[in-house]
Trainee: 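Before I ask anything, here is the structure I am working with.
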2 protein chains.
Amino acid sequence: MTVVGGTRDRMVGAAVSALQRHGVAGMSFTEVLRDSGAARGAIYHHFPGGKAQLVAEAAAANGADVHANLAGLPGADPVAVITAFLTAVRPVVDASTRGGGCAVAAVTVGGEDEDLCAVAAAAFGSWSAALGQRLAAAGVPEAEAADLATTLIAILEGAHVLCRAARSLDPFDRAARTITALIADR
Amino acid sequence: MTVVGGTRDRMVGAAVSALQRHGVAGMSFTEVLRDSGAARGAIYHHFPGGKAQLVAEAAAANGADVHANLAGLPGADPVAVITAFLTAVRPVVDASTRGGGCAVAAVTVGGEDEDLCAVAAAAFGSWSAALGQRLAAAGVPEAEAADLATTLIAILEGAHVLCRAARSLDPFDRAARTITALIADR
DNA sequence: GTCTATACGAAGATAGAC
DNA sequence: GTCTATCTTCGTATAGAC
(Lines give C-alpha, C1' and ligand atoms only; values in the text may rest on other atoms or scores of the structure.)
Protein backbone atom coordinates (compact mmCIF):
# COMPACT_ATOMS: atom_id res chain seq x y z
CA MET A 1 0.00 0.00 0.00
CA THR A 2 1.47 3.30 -1.07
CA VAL A 3 2.09 5.64 1.84
CA VAL A 4 2.23 8.68 -0.38
CA GLY A 5 0.32 9.36 -3.58
CA GLY A 6 -2.50 11.41 -5.01
CA THR A 7 -5.97 11.83 -3.62
CA ARG A 8 -7.18 8.77 -5.50
CA ASP A 9 -4.51 6.48 -4.03
CA ARG A 10 -5.12 7.77 -0.53
CA MET A 11 -8.83 7.04 -0.93
CA VAL A 12 -8.13 3.47 -2.03
CA GLY A 13 -5.80 3.01 0.93
CA ALA A 14 -8.39 4.35 3.35
CA ALA A 15 -11.00 2.06 1.79
CA VAL A 16 -8.76 -0.98 2.35
CA SER A 17 -8.42 -0.06 6.00
CA ALA A 18 -12.16 0.54 6.39
CA LEU A 19 -12.94 -2.77 4.67
CA GLN A 20 -10.67 -4.66 7.04
CA ARG A 21 -12.30 -3.17 10.11
CA HIS A 22 -15.98 -2.80 9.15
CA GLY A 23 -16.70 -4.78 5.99
CA VAL A 24 -18.47 -3.51 2.87
CA ALA A 25 -21.82 -2.61 4.42
CA GLY A 26 -20.13 -1.09 7.47
CA MET A 27 -17.74 1.04 5.44
CA SER A 28 -18.95 4.61 5.04
CA PHE A 29 -17.74 7.32 2.70
CA THR A 30 -17.57 9.60 5.73
CA GLU A 31 -14.83 7.40 7.17
CA VAL A 32 -12.91 7.10 3.89
CA LEU A 33 -13.11 10.85 3.37
CA ARG A 34 -11.87 11.58 6.88
CA ASP A 35 -8.93 9.12 6.69
CA SER A 36 -7.88 10.21 3.21
CA GLY A 37 -8.44 13.93 3.68
CA ALA A 38 -10.47 14.07 0.48
CA ALA A 39 -13.62 16.11 -0.11
CA ARG A 40 -17.05 14.55 -0.53
CA GLY A 41 -17.35 15.37 -4.20
CA ALA A 42 -14.03 13.65 -4.91
CA ILE A 43 -15.70 10.26 -4.63
CA TYR A 44 -17.73 10.39 -7.81
CA HIS A 45 -15.03 12.35 -9.60
CA HIS A 46 -12.48 9.56 -9.13
CA PHE A 47 -14.92 6.65 -8.88
CA PRO A 48 -17.93 7.20 -11.15
CA GLY A 49 -19.15 3.73 -10.20
CA GLY A 50 -19.60 4.86 -6.60
CA LYS A 51 -19.10 2.61 -3.63
CA ALA A 52 -19.03 -0.60 -5.68
CA GLN A 53 -16.10 0.66 -7.76
CA LEU A 54 -14.11 1.97 -4.79
CA VAL A 55 -14.59 -1.28 -2.90
CA ALA A 56 -13.62 -3.39 -5.91
CA GLU A 57 -10.45 -1.37 -6.49
CA ALA A 58 -9.52 -1.52 -2.81
CA ALA A 59 -9.91 -5.31 -2.74
CA ALA A 60 -7.92 -5.72 -5.94
CA ALA A 61 -5.14 -3.45 -4.67
CA ASN A 62 -4.90 -5.33 -1.37
CA GLY A 63 -4.96 -8.63 -3.26
CA ALA A 64 -2.07 -7.52 -5.46
CA ASP A 65 -0.02 -6.42 -2.45
CA VAL A 66 -0.38 -9.79 -0.76
CA HIS A 67 0.31 -11.61 -4.01
CA ALA A 68 3.59 -9.74 -4.41
CA ASN A 69 4.66 -10.79 -0.93
CA LEU A 70 3.76 -14.44 -1.51
CA ALA A 71 5.53 -14.60 -4.86
CA GLY A 72 8.79 -13.52 -3.23
CA LEU A 73 8.71 -16.10 -0.44
CA PRO A 74 12.08 -17.80 0.21
CA GLY A 75 12.57 -21.49 1.07
CA ALA A 76 14.57 -24.34 -0.43
CA ASP A 77 12.41 -27.16 0.91
CA PRO A 78 8.66 -27.49 1.63
CA VAL A 79 8.92 -26.90 5.38
CA ALA A 80 11.08 -23.81 4.79
CA VAL A 81 8.52 -22.37 2.36
CA ILE A 82 5.67 -23.00 4.79
CA THR A 83 7.65 -21.51 7.67
CA ALA A 84 8.41 -18.44 5.56
CA PHE A 85 4.72 -18.17 4.64
CA LEU A 86 3.59 -18.40 8.26
CA THR A 87 6.21 -15.90 9.39
CA ALA A 88 5.15 -13.47 6.68
CA VAL A 89 1.43 -13.60 7.43
CA ARG A 90 1.66 -13.67 11.24
CA PRO A 91 1.85 -9.87 11.60
CA VAL A 92 -1.14 -9.53 9.27
CA VAL A 93 -3.22 -11.92 11.35
CA ASP A 94 -2.04 -10.07 14.45
CA ALA A 95 -3.87 -7.01 13.16
CA SER A 96 -7.04 -9.10 13.22
CA THR A 97 -6.70 -9.54 16.97
CA ARG A 98 -7.18 -5.80 17.25
CA GLY A 99 -10.24 -5.57 15.00
CA GLY A 100 -8.56 -5.80 11.61
CA GLY A 101 -9.28 -8.51 9.08
CA CYS A 102 -8.80 -9.46 5.45
CA ALA A 103 -10.08 -6.81 3.02
CA VAL A 104 -10.46 -9.38 0.24
CA ALA A 105 -12.53 -11.69 2.44
CA ALA A 106 -14.68 -8.72 3.44
CA VAL A 107 -15.91 -8.09 -0.09
CA THR A 108 -17.27 -11.64 -0.41
CA VAL A 109 -20.00 -10.89 2.12
CA GLY A 110 -23.19 -9.32 0.86
CA GLY A 111 -23.67 -11.82 -1.93
CA GLU A 112 -25.79 -9.69 -4.21
CA ASP A 113 -22.78 -8.24 -6.01
CA GLU A 114 -21.34 -10.95 -8.25
CA ASP A 115 -18.51 -8.73 -9.51
CA LEU A 116 -17.06 -8.25 -6.04
CA CYS A 117 -16.91 -12.00 -5.50
CA ALA A 118 -15.11 -12.33 -8.82
CA VAL A 119 -12.49 -9.81 -7.68
CA ALA A 120 -12.02 -11.74 -4.43
CA ALA A 121 -11.86 -15.08 -6.24
CA ALA A 122 -9.18 -13.72 -8.57
CA ALA A 123 -7.14 -12.48 -5.61
CA PHE A 124 -7.41 -15.74 -3.68
CA GLY A 125 -6.60 -17.67 -6.85
CA SER A 126 -3.47 -15.61 -7.44
CA TRP A 127 -2.34 -16.17 -3.86
CA SER A 128 -2.80 -19.93 -4.13
CA ALA A 129 -1.02 -19.99 -7.47
CA ALA A 130 1.96 -18.01 -6.18
CA LEU A 131 2.28 -20.11 -3.04
CA GLY A 132 1.78 -23.32 -5.04
CA GLN A 133 4.57 -22.31 -7.39
CA ARG A 134 6.94 -21.72 -4.47
CA LEU A 135 6.03 -25.11 -3.00
CA ALA A 136 6.49 -26.86 -6.35
CA ALA A 137 9.87 -25.16 -6.77
CA ALA A 138 10.80 -26.56 -3.34
CA GLY A 139 10.06 -30.10 -4.47
CA VAL A 140 6.38 -30.69 -3.77
CA PRO A 141 4.70 -32.57 -6.65
CA GLU A 142 2.64 -30.23 -8.84
CA ALA A 143 -0.84 -31.56 -7.98
CA GLU A 144 -0.12 -31.77 -4.26
CA ALA A 145 1.41 -28.28 -4.29
CA ALA A 146 -1.77 -26.70 -5.61
CA ASP A 147 -3.95 -28.42 -3.01
CA LEU A 148 -1.55 -27.64 -0.19
CA ALA A 149 -1.35 -23.99 -1.23
CA THR A 150 -5.15 -23.69 -1.20
CA THR A 151 -5.20 -25.35 2.23
CA LEU A 152 -2.68 -22.84 3.57
CA ILE A 153 -4.71 -19.92 2.23
CA ALA A 154 -7.83 -21.40 3.84
CA ILE A 155 -5.97 -21.68 7.14
CA LEU A 156 -4.85 -18.06 6.75
CA GLU A 157 -8.39 -16.82 6.18
CA GLY A 158 -9.80 -19.02 8.94
CA ALA A 159 -7.13 -17.78 11.33
CA HIS A 160 -8.19 -14.20 10.58
CA VAL A 161 -11.72 -15.06 11.70
CA LEU A 162 -10.76 -17.11 14.76
CA CYS A 163 -8.11 -14.65 15.95
CA ARG A 164 -10.41 -11.68 15.52
CA ALA A 165 -13.01 -13.43 17.67
CA ALA A 166 -10.51 -14.58 20.29
CA ARG A 167 -8.57 -11.29 20.29
CA SER A 168 -5.52 -13.52 20.38
CA LEU A 169 -3.02 -15.14 18.03
CA ASP A 170 -3.44 -18.47 19.81
CA PRO A 171 -5.62 -20.08 17.09
CA PHE A 172 -3.10 -19.06 14.41
CA ASP A 173 -0.17 -20.43 16.38
CA ARG A 174 -1.97 -23.73 16.97
CA ALA A 175 -2.74 -24.13 13.27
CA ALA A 176 0.80 -23.08 12.32
CA ARG A 177 2.33 -25.67 14.66
CA THR A 178 -0.02 -28.37 13.41
CA ILE A 179 0.45 -27.87 9.68
CA THR A 180 4.23 -27.49 10.02
CA ALA A 181 4.49 -30.72 12.02
CA LEU A 182 2.27 -32.62 9.59
CA ILE A 183 4.38 -31.56 6.60
CA ALA A 184 7.65 -32.24 8.40
CA ASP A 185 6.54 -35.76 9.38
CA ARG A 186 5.29 -36.58 5.93
CA MET B 1 -32.60 -24.11 14.00
CA THR B 2 -36.21 -24.69 15.00
CA VAL B 3 -38.55 -24.83 12.04
CA VAL B 4 -41.58 -24.03 14.17
CA GLY B 5 -41.83 -21.90 17.27
CA GLY B 6 -43.07 -18.58 18.51
CA THR B 7 -42.46 -15.17 17.03
CA ARG B 8 -39.27 -14.78 19.01
CA ASP B 9 -37.74 -18.02 17.70
CA ARG B 10 -38.69 -17.19 14.14
CA MET B 11 -37.00 -13.81 14.47
CA VAL B 12 -33.79 -15.41 15.75
CA GLY B 13 -33.88 -17.88 12.85
CA ALA B 14 -34.40 -15.11 10.33
CA ALA B 15 -31.54 -13.17 11.93
CA VAL B 16 -29.20 -16.17 11.53
CA SER B 17 -30.07 -16.36 7.86
CA ALA B 18 -29.61 -12.62 7.37
CA LEU B 19 -26.27 -12.71 9.20
CA GLN B 20 -24.99 -15.48 6.94
CA ARG B 21 -25.89 -13.60 3.79
CA HIS B 22 -25.28 -9.94 4.65
CA GLY B 23 -23.26 -9.69 7.86
CA VAL B 24 -24.10 -7.53 10.88
CA ALA B 25 -24.00 -4.12 9.22
CA GLY B 26 -25.83 -5.44 6.15
CA MET B 27 -28.60 -7.08 8.16
CA SER B 28 -31.71 -4.92 8.42
CA PHE B 29 -34.74 -5.31 10.66
CA THR B 30 -36.85 -4.92 7.54
CA GLU B 31 -35.44 -8.20 6.25
CA VAL B 32 -35.78 -10.03 9.58
CA LEU B 33 -39.36 -8.81 9.93
CA ARG B 34 -40.26 -9.92 6.43
CA ASP B 35 -38.72 -13.39 6.78
CA SER B 36 -40.16 -14.01 10.24
CA GLY B 37 -43.56 -12.49 9.61
CA ALA B 38 -43.27 -10.39 12.74
CA ALA B 39 -44.38 -6.80 13.16
CA ARG B 40 -42.01 -3.90 13.57
CA GLY B 41 -42.84 -3.28 17.21
CA ALA B 42 -42.09 -6.91 18.07
CA ILE B 43 -38.37 -6.22 17.91
CA TYR B 44 -38.05 -4.13 21.02
CA HIS B 45 -40.73 -6.12 22.77
CA HIS B 46 -38.72 -9.35 22.48
CA PHE B 47 -35.25 -7.80 22.29
CA PRO B 48 -35.04 -4.69 24.47
CA GLY B 49 -31.33 -4.49 23.64
CA GLY B 50 -32.17 -3.87 19.98
CA LYS B 51 -30.02 -5.06 17.12
CA ALA B 52 -27.02 -5.92 19.30
CA GLN B 53 -29.10 -8.32 21.39
CA LEU B 54 -30.81 -9.98 18.43
CA VAL B 55 -27.49 -10.46 16.65
CA ALA B 56 -25.82 -11.87 19.77
CA GLU B 57 -28.65 -14.34 20.34
CA ALA B 58 -28.63 -15.41 16.71
CA ALA B 59 -24.89 -16.06 16.75
CA ALA B 60 -25.13 -17.96 20.03
CA ALA B 61 -28.03 -20.08 18.73
CA ASN B 62 -26.19 -20.93 15.53
CA GLY B 63 -23.06 -21.71 17.53
CA ALA B 64 -24.97 -24.08 19.79
CA ASP B 65 -26.49 -25.89 16.79
CA VAL B 66 -23.09 -26.51 15.22
CA HIS B 67 -21.62 -27.56 18.57
CA ALA B 68 -24.33 -30.20 18.98
CA ASN B 69 -23.50 -31.62 15.56
CA LEU B 70 -19.77 -31.73 16.27
CA ALA B 71 -20.19 -33.35 19.68
CA GLY B 72 -22.07 -36.25 18.09
CA LEU B 73 -19.48 -36.97 15.41
CA PRO B 74 -18.73 -40.69 14.92
CA GLY B 75 -15.30 -42.20 14.19
CA ALA B 76 -13.13 -44.83 15.88
CA ASP B 77 -9.79 -43.57 14.56
CA PRO B 78 -8.46 -40.07 13.77
CA VAL B 79 -8.98 -40.32 10.00
CA ALA B 80 -12.55 -41.53 10.53
CA VAL B 81 -13.32 -38.59 12.84
CA ILE B 82 -11.87 -36.11 10.35
CA THR B 83 -13.76 -37.71 7.48
CA ALA B 84 -16.98 -37.54 9.49
CA PHE B 85 -16.26 -33.88 10.29
CA LEU B 86 -15.63 -32.99 6.66
CA THR B 87 -18.72 -34.88 5.51
CA ALA B 88 -20.84 -33.10 8.09
CA VAL B 89 -19.69 -29.58 7.24
CA ARG B 90 -19.57 -29.97 3.45
CA PRO B 91 -23.29 -29.13 2.95
CA VAL B 92 -22.87 -26.07 5.18
CA VAL B 93 -19.93 -24.81 3.13
CA ASP B 94 -21.95 -25.56 0.00
CA ALA B 95 -24.44 -22.92 1.15
CA SER B 96 -21.56 -20.43 1.06
CA THR B 97 -21.11 -21.03 -2.67
CA ARG B 98 -24.59 -19.56 -3.09
CA GLY B 99 -24.03 -16.47 -0.95
CA GLY B 100 -24.35 -17.99 2.50
CA GLY B 101 -21.61 -17.96 5.09
CA CYS B 102 -20.95 -18.54 8.77
CA ALA B 103 -23.22 -16.51 11.06
CA VAL B 104 -20.72 -16.74 13.93
CA ALA B 105 -17.87 -15.46 11.75
CA ALA B 106 -20.12 -12.62 10.59
CA VAL B 107 -20.49 -11.13 14.08
CA THR B 108 -16.72 -10.78 14.48
CA VAL B 109 -16.61 -8.05 11.85
CA GLY B 110 -17.24 -4.50 12.98
CA GLY B 111 -14.82 -4.64 15.86
CA GLU B 112 -16.33 -1.94 18.00
CA ASP B 113 -18.62 -4.37 19.81
CA GLU B 114 -16.49 -6.40 22.20
CA ASP B 115 -19.44 -8.46 23.44
CA LEU B 116 -20.19 -9.86 19.98
CA CYS B 117 -16.61 -11.05 19.59
CA ALA B 118 -16.88 -12.74 22.96
CA VAL B 119 -19.98 -14.61 21.79
CA ALA B 120 -18.17 -15.72 18.64
CA ALA B 121 -15.05 -16.70 20.58
CA ALA B 122 -17.16 -18.83 22.93
CA ALA B 123 -18.83 -20.57 19.98
CA PHE B 124 -15.55 -21.26 18.16
CA GLY B 125 -14.00 -22.45 21.43
CA SER B 126 -16.85 -24.87 22.02
CA TRP B 127 -16.52 -26.24 18.50
CA SER B 128 -12.79 -26.81 18.90
CA ALA B 129 -13.30 -28.40 22.30
CA ALA B 130 -15.98 -30.79 21.02
CA LEU B 131 -13.94 -31.78 17.98
CA GLY B 132 -10.78 -32.10 20.06
CA GLN B 133 -12.57 -34.41 22.46
CA ARG B 134 -13.70 -36.65 19.62
CA LEU B 135 -10.14 -36.74 18.23
CA ALA B 136 -8.70 -37.52 21.65
CA ALA B 137 -11.24 -40.29 22.10
CA ALA B 138 -10.06 -41.69 18.77
CA GLY B 139 -6.48 -41.90 20.01
CA VAL B 140 -4.90 -38.54 19.23
CA PRO B 141 -2.70 -37.33 22.14
CA GLU B 142 -4.48 -34.63 24.17
CA ALA B 143 -2.22 -31.67 23.25
CA GLU B 144 -2.12 -32.58 19.56
CA ALA B 145 -5.89 -33.10 19.50
CA ALA B 146 -6.59 -29.55 20.67
CA ASP B 147 -4.26 -28.04 18.07
CA LEU B 148 -5.59 -30.25 15.28
CA ALA B 149 -9.19 -29.41 16.19
CA THR B 150 -8.44 -25.67 16.04
CA THR B 151 -6.72 -26.20 12.68
CA LEU B 152 -9.79 -27.99 11.31
CA ILE B 153 -12.10 -25.20 12.50
CA ALA B 154 -9.77 -22.66 10.86
CA ILE B 155 -9.92 -24.65 7.62
CA LEU B 156 -13.72 -24.73 7.89
CA GLU B 157 -13.95 -20.96 8.34
CA GLY B 158 -11.38 -20.32 5.62
CA ALA B 159 -13.23 -22.63 3.26
CA HIS B 160 -16.41 -20.62 3.85
CA VAL B 161 -14.59 -17.50 2.67
CA LEU B 162 -12.80 -19.09 -0.29
CA CYS B 163 -15.85 -21.02 -1.49
CA ARG B 164 -18.10 -17.99 -1.24
CA ALA B 165 -15.65 -16.05 -3.39
CA ALA B 166 -15.15 -18.85 -5.91
CA ARG B 167 -18.83 -19.83 -5.96
CA SER B 168 -17.52 -23.37 -5.90
CA LEU B 169 -16.70 -26.13 -3.40
CA ASP B 170 -13.34 -26.71 -5.08
CA PRO B 171 -11.27 -24.92 -2.37
CA PHE B 172 -13.01 -26.97 0.35
CA ASP B 173 -12.44 -30.24 -1.48
CA ARG B 174 -8.75 -29.42 -2.00
CA ALA B 175 -8.26 -28.65 1.68
CA ALA B 176 -10.26 -31.75 2.69
CA ARG B 177 -8.12 -33.99 0.49
CA THR B 178 -4.91 -32.42 1.78
CA ILE B 179 -5.63 -32.60 5.50
CA THR B 180 -7.00 -36.14 5.25
CA ALA B 181 -3.93 -37.35 3.38
CA LEU B 182 -1.56 -35.64 5.82
CA ILE B 183 -3.23 -37.25 8.83
CA ALA B 184 -3.40 -40.67 7.14
CA ASP B 185 0.32 -40.57 6.27
CA ARG B 186 1.33 -39.45 9.74
C1' DG C 1 -48.73 -9.13 23.53
C1' DT C 2 -49.29 -7.49 18.84
C1' DC C 3 -49.50 -4.05 15.42
C1' DT C 4 -49.36 0.89 12.99
C1' DA C 5 -47.29 5.12 12.60
C1' DT C 6 -43.54 8.03 13.03
C1' DA C 7 -39.31 10.45 14.82
C1' DC C 8 -34.51 10.96 14.06
C1' DG C 9 -30.12 10.21 12.08
C1' DA C 10 -26.82 8.53 8.72
C1' DA C 11 -26.10 6.51 4.55
C1' DG C 12 -25.09 7.05 -0.67
C1' DA C 13 -25.61 9.99 -4.48
C1' DT C 14 -25.81 14.48 -7.06
C1' DA C 15 -25.58 19.47 -8.50
C1' DG C 16 -23.18 23.27 -9.13
C1' DA C 17 -19.95 27.11 -7.38
C1' DC C 18 -15.04 28.17 -7.43
C1' DG D 1 -10.11 19.32 -10.68
C1' DT D 2 -11.60 20.39 -6.10
C1' DC D 3 -14.86 21.58 -2.64
C1' DT D 4 -19.66 22.85 -0.38
C1' DA D 5 -24.27 22.11 0.01
C1' DT D 6 -28.14 19.36 -0.52
C1' DC D 7 -31.49 15.49 -2.05
C1' DT D 8 -33.41 11.07 -1.30
C1' DT D 9 -33.58 6.79 0.80
C1' DC D 10 -33.27 3.61 4.39
C1' DG D 11 -31.61 2.48 8.77
C1' DT D 12 -32.64 2.02 14.01
C1' DA D 13 -35.45 3.28 17.54
C1' DT D 14 -39.79 4.78 19.87
C1' DA D 15 -44.70 5.95 21.04
C1' DG D 16 -48.98 4.62 21.55
C1' DA D 17 -53.51 2.42 19.79
C1' DC D 18 -55.83 -2.04 19.90
Side-chain angles (χ1 to χ4, degrees), chain A residues 2 4-59 99 103 106-116 119, chain B residues 2 4-59 103 106-107 109-116 119:
Chain A
T2 51
V4 289
T7 299
R8 211 194 123 97
D9 288 341
R10 290 202 317 278
M11 290 176 74
V12 171
V16 169
S17 174
L19 243 29
Q20 292 170 330
R21 290 173 304 178
H22 304 121
V24 176
M27 178 194 103
S28 71
F29 280 153
T30 304
E31 181 181 15
V32 172
L33 262 21
R34 176 171 45 76
D35 291 357
S36 65
R40 193 141 202 98
I43 296 171
Y44 291 86
H45 174 70
H46 290 294
F47 307 92
K51 187 174 186 176
Q53 184 183 354
L54 174 56
V55 165
E57 290 204 26
V107 305
T108 66
V109 61
E112 72 286 347
D113 199 323
E114 208 71 31
D115 293 344
L116 281 180
V119 170
Chain B
T2 51
V4 289
T7 299
R8 212 194 123 97
D9 288 340
R10 289 203 317 278
M11 290 176 73
V12 171
V16 169
S17 174
L19 243 29
Q20 292 169 331
R21 290 173 304 180
H22 304 121
V24 176
M27 179 194 103
S28 72
F29 281 154
T30 304
E31 182 181 14
V32 172
L33 262 23
R34 176 172 45 76
D35 291 356
S36 65
R40 193 139 204 100
I43 295 171
Y44 291 87
H45 175 70
H46 290 294
F47 306 92
K51 188 174 186 176
Q53 184 183 353
L54 175 56
V55 165
E57 289 203 26
V107 306
V109 62
E112 71 286 346
D113 199 322
E114 208 70 31
D115 293 343
L116 281 180
V119 170

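Order of the sequence lines fixes the chain letters, A, B, ..., with proteins taken first and strands second; residue numbering starts at 1 for each chain.
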Trainee: For the pair made of CG in A:Leu33 and C1' in D:dT4, what is the distance, rounded to whole Å?
Mentor: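 A:Leu33 atom CG is separated from D:dT4 atom C1' by 12 Å.
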
Trainee: Base, sugar-phosphate alone, or nothing: which one does B:Gly50 contact when heavy atoms must sit under 4.0 Å apart?
Mentor: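 It contacts sugar-phosphate atoms only.
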
Trainee: Take B:Met27 and B:Val32 through the test side chain to side chain contact (heavy atoms under 4.5 Å, CB included) and record every step on the way to the result.
Mentor: CA-CA 8 Å; B:Met27 179 194 103; B:Val32 172; 4.2 Å; yes

Trainee: Heavy atoms of chain B, cut-off under 4.0 Å: which first and last nucleotide of DNA chain C, 5' to 3', fall inside that, if you could look?
Mentor: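 First-to-last contact on DNA chain C, by the 4.0 Å heavy-atom rule, is C:dG1 to C:dA5.
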
Trainee: Please work out if A:Thr7 contacts a base, only the sugar-phosphate, or nothing of the nucleic acid, heavy-atom cut-off 4.0 Å.
Mentor: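 The answer is nothing, as A:Thr7 stays clear of every strand by at least 4.0 Å.
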
Trainee: Tell me, with the steps shown, if B:Met11 and B:Leu33 meet side chain to side chain contact (heavy atoms under 4.5 Å, CB included).
Mentor: CA-CA 7 Å; B:Met11 290 176 73; B:Leu33 262 23; 4.2 Å; yes

Trainee: In whole angstrom, what separates B:Gln53's CD from D:dT12's P?
Mentor: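 It works out to 15 Å between those atoms.
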
Trainee: Between A:Gln53 and A:His46, do the side chains contain an N or O donor and an N or O acceptor separated by less than 3.5 Å?
Mentor: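 No, no side-chain donor-acceptor pair sits under 3.5 Å.
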
Trainee: Expressed in angstrom and rounded to an integer, what is the separation of A:Ile43 atom CD1 from D:dT4 atom P?
Mentor: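 That distance rounds to 13 Å.
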
Trainee: Taking it one step at a time, do A:Phe47 and A:Val12 satisfy side chain to side chain contact (heavy atoms under 4.5 Å, CB included)?
Mentor: CA-CA 10 Å; A:Phe47 307 92; A:Val12 171; 3.8 Å; yes

Trainee: D:dA13 phosphate, OP1 or OP2: any side-chain N/O from B:Tyr44 under 4.0 angstrom?
Mentor: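 Yes.
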
Trainee: Taking atom OG1 of A:Thr30 and atom CZ of A:Arg40, what is their separation to the nearest 0.5 Å?
Mentor: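 Output value for this atom pair is 4.5 Å.
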
Trainee: Whole Å only: how far is the CZ atom of B:Phe29 from the C1' atom of D:dC10?
Mentor: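 About 14 Å, once rounded to whole Å.
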
Trainee: Looking at every heavy atom in both B:Val109 and A:Gly23, which two are closest together, and how far apart are they?
Mentor: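 Closest pair (atom of B:Val109, atom of A:Gly23, distance): CG2-N, 3.9 Å.
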
